[in-house]
4 protein chains.
Amino acid sequence: MEEEIVFTDKVRIYDTDAQGVVHYAGYYRFFTDAAENFMNEVLDTDYPLIDTDTWFVVVESEAKYFMSAKLGDELMVMLKPKLISEKVLRFDFEIYIKDKLSCAGHMTQVSINKNEWHAVPMPQKVQEKIKALSSKRHKPKQ
Amino acid sequence: MEEEIVFTDKVRIYDTDAQGVVHYAGYYRFFTDAAENFMNEVLDTDYPLIDTDTWFVVVESEAKYFMSAKLGDELMVMLKPKLISEKVLRFDFEIYIKDKLSCAGHMTQVSINKNEWHAVPMPQKVQEKIKALSSKRHKPKQ
Amino acid sequence: MEEEIVFTDKVRIYDTDAQGVVHYAGYYRFFTDAAENFMNEVLDTDYPLIDTDTWFVVVESEAKYFMSAKLGDELMVMLKPKLISEKVLRFDFEIYIKDKLSCAGHMTQVSINKNEWHAVPMPQKVQEKIKALSSKRHKPKQ
Amino acid sequence: MEEEIVFTDKVRIYDTDAQGVVHYAGYYRFFTDAAENFMNEVLDTDYPLIDTDTWFVVVESEAKYFMSAKLGDELMVMLKPKLISEKVLRFDFEIYIKDKLSCAGHMTQVSINKNEWHAVPMPQKVQEKIKALSSKRHKPKQ
């Protein structure tokens, strides 16, 4: 099992549309905020421009909407990182409003050499930190 | 098989991000434009605020990215409508740049009574028009 | 003189465009965040949907750009509220990156009755709280 | 006097917010669309990434809001270019909905060398084309 990391966010007026709730594509802002916070704060890594040669580019995004988020709602955004391969990193997200699931989805990204624009292994320290996160929870309890 | 309808769009500077190409969530703008154009121009229906009582709300969105779209790229956006039930409408999308597939995905939406915020059958004329579109291609060739 | 209130914000990937820096219209997100934070946290008021009858609608926005903000930049956003009349509230903003001015501008908003969509005095408590803020600094030093 | 060029645009669901009308910062999308259309279609020039060395960067933006635009509104966007100097180009905009003024504003941009990030004269052909546009209307009537 992977470690889940929790961030908070807030629905802003520009996230909403004329239906009075968050626009369906607006939830990806919350995914992006959590992804950036995770990489910056937990992995201590720039993102998605990792270093002068390496970028993460998104190859897949998906969201299911269960309960509309409204202006001012305080969001709890859970992120679960999963190292698919040395080149591919997936983030699963769940967004809660007061313990009710509002939205769940994921974003999959590939590490590329930005000059060649082809897939390369992500920096070793990123891989190791993500593995370390997972293993923290995996230690057998004695 | 369902009818595919084709629209054109264009990558704007605000669709792009610091990676120099369209931001992953920006492709949903092209999906939305095509959905609105389809409902407005082909079905002659307001969208997503269908009428004074009925709205379409998105319950699922998804995109896979194959080739990054760049500033100024002319897009061919193909939309394929599919009536899942009398309450649920799915649009599948493919975005092409000069015959190369850039992005494919879908958006699923439910017809709701906006006052009660629960699912209701979509207006009869919307259902019929979508069925009519599909059947156009289904006529047996002789 | 009016009180200045300071908020922090951060440049996100979706704020940037293909020029590698924040898109000119993206700075209004930082203005909006500061405006919402000010109303929510300092005035303890919902915003821009003040109450069931009253909304603030923006009638003027303006920004001058001095130094481009880049992905990940930590922003210091200064907001100075000014009560123009009992119906009109202006916010002046300055955005700093490490003590260098990046952007300055303002947003002017009118209090309206949302059903009639015409200007009305903003709620008394909003007016009073803004006046109280200003007067804090105006007390003659002795 | 300068030539005015007219473009059409349309209010999309993502332009609106929970007030049911276009978000104040959303009008800058219409300004940007008109600016890009003008440069692409009228001046036959890429924009805002003019060529491999030269970019236009916005140094000032401003909008006044007179009548809220609603979902589906067809917009007439008038653009008036003004060459302030060989390095500075200003666009004035007026957005009309069925002959009623909805929004007016401007955007001022400076031509820069993107590598040095300092102001340079914009390409000669851009200057000449804008001058030519203006002079078309200046020919003395006989």
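All chains are named by letter (A, B, ...) in the order of the sequence lines, taking the proteins before the strands, and each is independently numbered beginning at 1.
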Under 4.5 Å from any heavy atom of chain D, what part of B:D15 do you find: side chain, backbone, both or neither?
neither
Which portion of B:Y47 sits near chain D, non-hydrogen atoms under 4.5 angstrom
backbone
[atom2] on [Y] to [atom1] on [X], rounded to 0.5 Å:
X     : Y     : atom1 : atom2 : answer
B:T32 : D:I13 : OG1   : CD1   : 9.0 Å
D:Y14 : B:D33 : OH    : CG    : 3.5 Å
D:R29 : B:R12 : CZ    : CZ    : 8.0 Å

Take atom NZ of D:K70 as the centre, draw a 6.0 Å sphere, and report whether it contains more than 12 heavy atoms from other residues, nucleotides or ligands.
no
